[in-house]
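Next up is a structure, given as structure tokens.
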Amino acid sequence: MVNIQNIILSFRDKPGGIIEAFHAVQKEYNYLPEETIAVAAGTFGISEAQAFGVATFYSYLSVAKRGKYVIRMCESAPCHIAGAEALIKAFEEALEIKVGETTADGKFTLELTECVGQCQDTPVITINSVPYVNLDPAQVPAVLALCQ
Amino acid sequence: MTEEKRIVLRNADLINPKKIEDYMQAGGYQGLEKARLMSRSDLIAEIKKSNLRGRGGAAFNCGLKWSFVPTDAPVSYVVCNFDEGEPGTYKDRIIVQKDPQSLLEGMAICGHAVNSKQGYIYCRGEYPYVVELLNLAIDQARGKGLLGDFDIEVRMGGGAYVCGEETALIESIEGHRGEPRFKPPFPGVAGLWAQPTVVNNVETFANLPSIVLNGPEWFAAIGAPNYPGTKVLTLTGDVANRVSIEVPTTATLREIIYDFGGGIKEGKKFKAVQVGGTSGGFIPESLLDTPIDFDSMRGIGATLGTGAVFVMDETRDIVDITTRIAKFFEHESCGKCNPCREGTFRAYEIMKKINNGKAVAQDIENLTILSQVMEKACLCGLGQAAPAPILTTLKHFYPEYQARLQIH
Amino acid sequence: MITLTINGKEVHTPKGSTILEACQQNGIPIPTLCYDPDLRLAGSCRMCLVEIKGRPLYAASCVTPAENGIVVETESPGIVAARKVILELLSARHKFNCQVCEKNGDCKFQDYCYQYGIKESRFIYGEATNYGINDPNPFIERDYNKCIMCTRCVRACEEITAARAINVENRGHHAKISTAFDGNLADSSCLFCGQCVMVCPTGALTSKVSAGLGRAYEVDKVLTTCSYCGTGCTLELNVKNNRVVGVTSNRTATGSPVNKGALCVKGRFGWDFINSPDRLTTPLIKENGQFREAGWDEALDLVAKRLGEVKNEFGPDSMAVFTSARVTNEENYVAQKFTRAVLGTNNVDHCARL
Amino acid sequence: MTNSIGELEKDARCIFVIGSNTTENHPVIGMKIKKNVLYNGARLIVADPRCTDLAKIADVYMPHLPGSDVALVNAMMNVIINEGLADQDFIAQHTEGYEEMAAVIAKYTPEYAEPITGVPAEDTRKAARLFAQSGNSAICYAMGLTQHRTGTDNVKSVCNLAMLTGNIGRPGTGVDPLRGQNNVQGACDMGGLPNVFTAYQAVTNDAAREKFEKVWGVPLSGQNGLVLTEVINKAHHGEIKALYVVGENPLMSDPELEHVEEALDKVDFVVVQDIFLSETAKRADVVLPSACFAEKDGTFSNTERRVQRVRKAVSAPGKARTDWEILCEVATRMGYPMSYENSEQIFEEIRTLTPSYAGISYQRIENGGLQWPCPNEEHPGTPYLHKDGNFSRGLGAFTAIDYINPGEQPNEEYPLILTTGRSLFHYHTGTMTRRASALNEHVPAAELEVNPEQAKALGIANGGLVKVSTRRGSLEMKAKVTDMVTPGVIFTTFHFAETPANLLTSSEFLDPTAKIPEYKVSAAKVEKI
């Protein structure tokens with residue numbers, strides 16, 4: 001893993017680059033480990049409270065530890081009518097966790113998301129930002145099997 | 001019958017989006033070249049004359065917007081709003097994925113018009129794969145020296161729908177919480193880092209190369225006179241063909257759903273269509289012959305907005321869908337202004353109560369007054385538009401609400 | 001000057017004014033919650049909405065420029081309805097316990113609910129948010145169940161104190177004022193200056209030191225100068241029944257020229273030594289190594305007599321006076337006059353250097 | 001302060017803070033500086049052995065060794081002179097003594113100073129350029145600069161720096177000592193000093209003395225009195241027979257407490273007027289209860305020379321009386337009748353004898369106060385001194401100053417430098433703040449700040465008990481492991497009677513002019529308990 005300090009410092013000269021830095025850290029760790037906030041605050045000349053405020057504003061960023069595979073399930077209207085609810089339930093049952101939780105082995109985190117912009121093929125989920133489209137509950141085991 | 005007319009998607013599937021040479025061969029960057037031979041004021045006058053209106057929520061005359069940038073501003077910015085977050089919308093993604101250079105060329109044209117040296121593309125965080133493509137495209141354009149002294153940087157959003165609002169977007173580029181600013185000042189006067197800033201979306205910029213190349217008269221003659229040109233639409237929901245299309249703005253909703261979308265899936269009957277994304281109004285069958293241009297849509301309480309066309313068949317539960325939409329706004333409200341922060345939350349709670357069959361008439365009354373106040377009192381477009389689905393469904397589909405009440 | 005019409009009356013205001021300022025200059029009351037003349041504008045509470053003829057949306061008067069010829073209504077039926085809805089929305093999240101609230105009688109939110117007749121909220125739907133009230137610090141009570149998210153505290157922390165200890169976390173209805181990771185103030189960059197308490201328009205932020213000692217309408221405020229460091233901040237001693245029960249601050253340039261209402265933790269929360277049971281209340285005379293209480297006459301006579309004896313026996317320069325950097329100019333003057341004119345020596349000094 | 005507090009918020013484009021932990025000791029001034037730096041683009045230079053809050057946001061932070069101020073400032077001036085950044089016009093028109101000073105400065109290259117100050121030469125250069133090239137540069141200092149045996153030299157050095165760059169006599173420039181106590185300025189203005197009457201009129205000046213003799217109606221001594229530290233030393237020798245203490249607490253605030261204690265024991269008669277039974281009051285023969293600031297009328301003069309009202313809010317407890325009333329009673333009983341109706345009447349007498357206060361009246365300061373000099377009732381007060389480079393003495397005098405090392409040097413037995421100061425949450429000897437419930441609850445005891453590296457070497461854990469010793473004595477307290485202090489330097493506060501830090505400080509090395517003890521440098525050692 002790349003050192004958080006180094007990741008963030010590489011954005012130092014980018015005005016307003018804190019969000020880019022957060023994305024870069026999250027790409028590496030799947031969430032923003034605690035020290036991210038202090039390091040980012042110091043790097044971008046703002047306070048920790050301000051950095052924390054930024055990090056918690058954006059739903060794509062997480063300050064809570066997440067699993068290796070973050071499954072975000074869209075439930076916006078087009079996905080909703082295409083059966084998102086059943087799909088969500090299927091994931092919850094398959095992983096034996098509720099939305100917002102992480103499996104005990106730290107492998108999967110289930111999250112809801114709003115639209116991810118793949119509405120031609122609903123319902124849609126993303127796994128670590130890669131979209132999987134046109135899913136139905138029956139495909140859940142196969143989708144999970146892709147995560148190795 | 002209306003046919004597809006491709007301006008922004010003119011190169012779609014005809015060129016390799018990863019090869020700038022393909023784009024050049026198809027006439028790419030000739031618009032920019034032509035623009036650079038014009039004076040700034042002439043260029044702005046041309047765009048004004050074309051009557052190109054922003055392909056986003058406000059449909060403001062593009063050239064007029066540019067003209068607000070003070071001519072003596074030492075620093076100004078061109079910002080591309082690529083934060084399309086409206087559920088049912090993915091047209092900007094299609095445009096960029098199929099032809100990224102047309103966006104860059106459009107931004108560079110704008111850069112020339114407002115004397116800007118720096119552009120930003122604010123791309124939603126859900127599209128990391130598109131960001132890669134964009135960066136490749138920028139590298140290629142830069143490598144060929146096509147952008148001249150204008151540079152473009154891509155910034156990623158973070159899953160905040162409100163950042164589609166131009167001032168929230170600017171806040172986000174500055175590294176802040178994406179909370180909208182009050183206006184005035186407008187970005188044209190004081191935007192990014194308090195400098196004059198033009199914010200347009202992908203589709204607006206992508207129109208520019210053709211307009212410059214073919215002249216404003218050419219463009220103004222296409223589609224509806226008050227909203228000329230084409231519109232890229234994305235069809236979702238219960239249509240047979242869930243496709244993206246580009247049509248002149250004279251096309252009607254019925255044509256779009258039935259001619260392009262192939263009608264309702266599985267031979268079912270039409271019930272409602274929501275245009276412009278989740279903040280759009282619900283339109284019943286009786287209004288389907290309305291053309292899609294911005295003003296006509298506004299006339300029926302809808303919005304063209306992002307060009308999302310979300311179709312619902314006869315089996316769909318309007319109250320349930322509206323409840324789900326209320327949840328969307330509850331989730332996406334930034335929380336800065338009172339009526340939106342509290343209003344979206346309470347509206348969702350009331351919708352849930354109705355949806356669960358626990359509500360009484362008073363609840364609908366409360367929902368109505370709340371929605372009416374939000375429309376007029378919220379700080380930004382998000383809160384102002386959030387009640388539209390509620391108010392339009394209450395208007396056109398009231399019996400469905402009534403049927404849910406405990407005491408009818 | 002700009003001329004505009006407000007509530008049917010033509011009024012004038014300098015160019016660059018907002019509609020709110022135009023109203024204030026012309027004695028037209030506008031309710032505000034997030035507006036604070038010392039802080040950057042937010043335009044977010046929407047209480048100050050007004051209707052401008054020909055514009056489809058209501059305008060927040062605190063951030064809307066006054067323009068020539070505009071026609072403004074400040075209390076139209078639509079505006080009143082909107083304010084009521086806003087107050088009811090806030091009432092739905094605000095925990096009312098005015099009967100025991102420190103801010104009762106000095107609460108803008110309470111005032112407006114009263115003014116607009118908000119007896120109950122139409123919008124109590126869903127589960128009420130319940131934030132714990134447990135920030136273990138001795139200075140500031142943080143009760144976010146009463147917070148209306150005006151963010152004046154955040155802006156004051158940023159713009160007056162520059163401590164930036166708090167910010168808004170999360171978003172939408174779940175937004176809340178917090179330190180990093182929503183921790184305790186003591187673990188943050190908070191300096192406990194209480195500027196947040198000063199600007200809070202509700203009972204969300206109050207002084208723990210003053211808790212229960214007196215409401216705003218019960219106290220007299222006496223403007224004076226802080227007794228701690230040499231900055232010379234002006235503060236208001238809050239007095240109830242001849243007892244200091246708190247410190248507030250005046251924010252006007254004339255009333256508070258150095259600090260414009262800003263104080264530090266000592267000035268705002270360090271006042272209760274005044275009422276300490278350790279205060280000396282009677283003269284003491286030492287006899288056989290022990291102090292005993294004495295009357296003034298006895299003590300003063302003794303001091304005068306002994307000083308006189310020393311002066312006679314050893315001369316004036318065998319005596320010295322330490323005057324004080326903590327007593328008034330007048331007292332310092334009297335002390336050095338006493339040293340020079342009465343004792344007859346220049347042996348007078350104070351701890352300027354220590 | 002030559003200038004006004006408000007100027008630090010906007011007018012100053014560069015602020016050089018040396019020996020002042022402003023955000024803790026003058027919090028409201030600290031806020032203004034911070035805002036100017038964070039939001040208004042002002043540049044900030046901080047020289048301090050501790051990495052204070054301001055140091056963290058400084059453009060240049062120089063953690064110089066305690067007591068090396070002259071070397072540091074001389075090195076900055078060396079850079080300014082050598083790089084042609086001095087304000088030659090200002091020097092030519094408004095100053096004297098430049099050549100002599102420049103001759104001394106010549107050897108103080110940043111490289112020469114580096115081993116003395118511990119500040120990298122490059123940082124000194126950066127600081128010098130920033131200070132000289134920012135337009136309006138102000139200097140703020142506090143006890144960190146003055147509490148050395150070279151305190152007067154240190155102050156004169158920063159005056160040199162201000163004059164060298166022409167940073168005097170305009171808003172946002174100047175030399176700004178931040179006074180530590182609410183009315184230190186006033187006590188000095190009022191002649192609470194052994195060599196001057198009010199407004200610094202020398203007791204040795206015949207005309208001044210005659211003026212006071214005439215109004216007071218008695219002959220006055222023309223011989224300078226003893227400063228506080230000299231009084232203690234003389235008392236130690238048995239030469240002070242009576243001591244009258246008004247609201248001071250030398251048994252906490254003075255150096256080498258054991259020495260003070262012995263001295264007080266030798267004084268035949270000690271009177272203490274105070275609001276609490278302070279450590280000093282406990283040693284008194286007679287204790288007289290006085291009123292605190294909330295219980296009396298009067299005026300305080302703040303660090304920017306602003307005379308402001310103090311207003312009575314409540315009555316004093318029990319039989320307590322105001323300090324002036326008590327003093328008048330004693331004077332009267334000693335055969336010199338002194339009585340005033342109220343504090344305003346005293347102030348009126350002050351005005352007649354004090355040129356800089358002559359234009360100030362209670363009526364005029366009802367709203368907002370006035371900054372002296374204010375010579376007449378029409379005068380608006382003086383926000384900043386030396387306007388347009390016009391010094392009260394005519395030309396501003398440069399002083400050639402060589403660096404002298406602190407009196408006490410670390411050695412094998414006492415390898416560390418102990419420096420003392422204050423906490424945000426307490427005030428001076430703690431008589432008030434220790435009895436302010438919230439402040440005392442929040443910070444109930446002193447801590448010894450130790451650098452992590454140092455702590456590791458000594459096996460000290462954060463919060464662990466340590467013994468800190470100097471040649472004078474030892475104290476036990478908890479350690480606070482923090483990189484706020486550099487290795488080699490330890491820090492504690494002097495607010496706490498349980499751990500009186502001045503038990504450790506020395507009274508041996510005094511500034512020859514101001515007689516300030518060297519609080520900021522004591523050779524010390526720390527042991528884990």
Side-chain angles (χ1 to χ4, degrees), chain B residues 158-163 168 176-185 298 327-354 358-359 362-363 365-384, chain C residues 18 33-34 40-51 55-65 67 76 78-94 121-129 148-151 154 167-177:
Chain B
Y161 166 80
V162 70
C163 289
H176 304 145
R177 294 167 58 81
E179 294 175 357
R181 300 173 179 174
F182 53 81
K183 294 187 267 196
R298 179 166 276 183
K327 185 180 179 188
F328 173 84
F329 286 111
E330 187 269 341
H331 185 250
E332 296 298 344
S333 168
C334 81
K336 180 174 178 175
C337 82
N338 273 331
C340 179
R341 182 186 61 246
E342 306 303 334
T344 52
F345 176 75
R346 301 298 167 183
Y348 175 47
E349 292 294 336
I350 300 174
M351 282 305 304
K352 273 199 289 192
K353 192 175 175 191
I354 298 169
K358 302 251 170 70
Q362 181 65 44
D363 294 318
E365 221 168 278
N366 292 349
L367 182 64
T368 307
I369 174 80
L370 173 61
S371 299
Q372 285 164 348
V373 166
M374 284 176 69
E375 271 190 315
K376 289 188 150 199
C378 284
L379 173 68
C380 85
L382 187 153
Q384 291 155 13
Chain C
T18 61
L33 288 170
C34 72
R40 73 170 190 273
L41 296 166
S44 65
C45 76
R46 316 305 281 177
M47 271 307 287
C48 71
L49 290 175
V50 295
E51 209 166 340
R55 294 191 194 173
L57 302 174
Y58 297 150
S61 60
C62 68
V63 294
T64 305
E67 290 173 42
S76 67
I79 291 297
V80 170
R83 290 196 190 132
K84 282 185 171 181
V85 164
I86 288 165
L87 287 169
E88 285 182 62
L89 285 170
L90 291 174
S91 300
R93 72 176 278 161
H94 180 95
S121 172
R122 279 171 286 187
F123 302 114
I124 298 176
Y125 290 92
E127 267 178 52
T129 323
I148 55 166
M149 291 298 292
C150 70
T151 69
V154 174
N167 193 13
V168 181
E169 66 162 1
N170 299 326
R171 70 179 188 216
H173 183 73
H174 311 282
K176 175 179 170 284
I177 309 300

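The sequence lines fix the lettering, A, B, ..., with proteins before strands; numbering per chain opens at 1.
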Chain B contact via C/Ala82 - which portion, at a heavy-atom distance below 4.5 Å: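 Interface part for C/Ala82: both.
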By a 4.5 Å heavy-atom criterion (distance strictly below it), what part of C/Ala59 contacts chain B: side chain, backbone, both, or neither? neither
Would you say C/Lys84 has more than 12 foreign heavy atoms packed within less than 6.0 Å of its NZ?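 No - once you tally the heavy atoms of other residues, nucleotides and ligands closer than 6.0 Å, there are 12 at most.
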Side-chain contact, heavy-atom cut-off 4.5 Å: B/Asn338 with C/Leu89? no
Atom group of B/Ala160 that falls short of 4.5 Å from chain C, counting heavy atoms: both
Is C/Leu41 close to chain B through its backbone or its side chain, or both, or neither, when contacts mean heavy atoms under 4.5 Å? both
Aromatic ring pairing C/His174/B/Phe345, orientation class (parallel under 30°, perpendicular over 60°, tilted between):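 Taking B/Phe345 first and then C/His174, their aromatic rings stand perpendicular (interplane angle over 60°).
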Atom group of C/Val63 that falls short of 4.5 Å from chain B, counting heavy atoms: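 Answer is both: backbone and side chain atoms of C/Val63 are under 4.5 Å from chain B.
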Please state whether the side chain, the backbone, both or neither of B/Lys336 comes within less than 4.5 Å of a heavy atom of chain C. both
B/Arg177 side chain vs C/Asn170 backbone, donor-acceptor pair below 3.5 Å: yes
What option among C/Arg93, C/Glu127, C/Met149 has the most heavy-atom pairs under 4.5 Å with chain B?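 Between C/Arg93, C/Glu127, C/Met149, the count favours C/Arg93.
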Kindly compute the distance separating CZ (C/Arg122) from CD (B/Gln362), expressed to the nearest 0.5 Å. 8.0 Å
Part of B/Cys378 within contact of chain C (heavy atom distance under 4.5 Å):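 When you check distances to chain C, only backbone atoms of B/Cys378 fall under 4.5 Å.
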Interatomic spacing from CG in B/Asn366 to CD in C/Glu88 - rounded to 0.5 Å: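 Interatomic distance, B/Asn366 CG to C/Glu88 CD, rounded to 0.5 Å: 8.0 Å.
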Interface check, chain B: of C/Pro65, C/Gly43, C/Ala42, most non-hydrogen pairs under 4.5 Å belong to C/Ala42
If you define the side chain from C-beta out and look only at heavy atoms, does anything of B/Arg341 sit under 4.5 Å from C/Leu90? yes
What are the two closest non-hydrogen atoms of B/Pro339 and C/Cys45, and how far apart are they?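 Smallest interatomic distance, heavy atoms only, reads CD-O, 4.4 Å.
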May I ask you to name which of B/Cys334, B/Gly335, B/Pro180 has the most heavy-atom pairs under 4.5 Å with chain C?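 Highest number of heavy-atom pairs under 4.5 Å: B/Cys334.
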C/Arg46 side chain near B/Leu379 side chain, heavy-atom distance below 4.5 Å: yes
For C/His173 and B/Arg346 the tightest heavy-atom approach is CE1-NH2, 4.0 Å
B/Glu375 versus chain C, heavy atoms under 4.5 Å apart: side chain, backbone, both or neither? backbone
Determine the option with the most heavy-atom pairs under 4.5 angstrom with chain C, choosing from B/Glu365, B/Lys352, B/Glu330, B/Met374.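 Most heavy-atom pairs under 4.5 Å with chain C: B/Glu330.
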Please identify, among C/Gly126, C/Cys150, C/Ala175, the residue contributing the most non-hydrogen atom pairs under 4.5 Å to chain B.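 The residue among C/Gly126, C/Cys150, C/Ala175 with the greatest pair count is C/Gly126.
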Minimum heavy-atom separation for C/Tyr125 to B/Glu349, with atom names?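 Heavy atoms of C/Tyr125 and B/Glu349 come nearest at CB-CB, 3.5 Å.
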Per-residue tally against chain C (heavy atom, under 4.5 Å) across B/Glu179, B/Lys376, B/Lys353, B/Gln384 peaks at B/Lys376
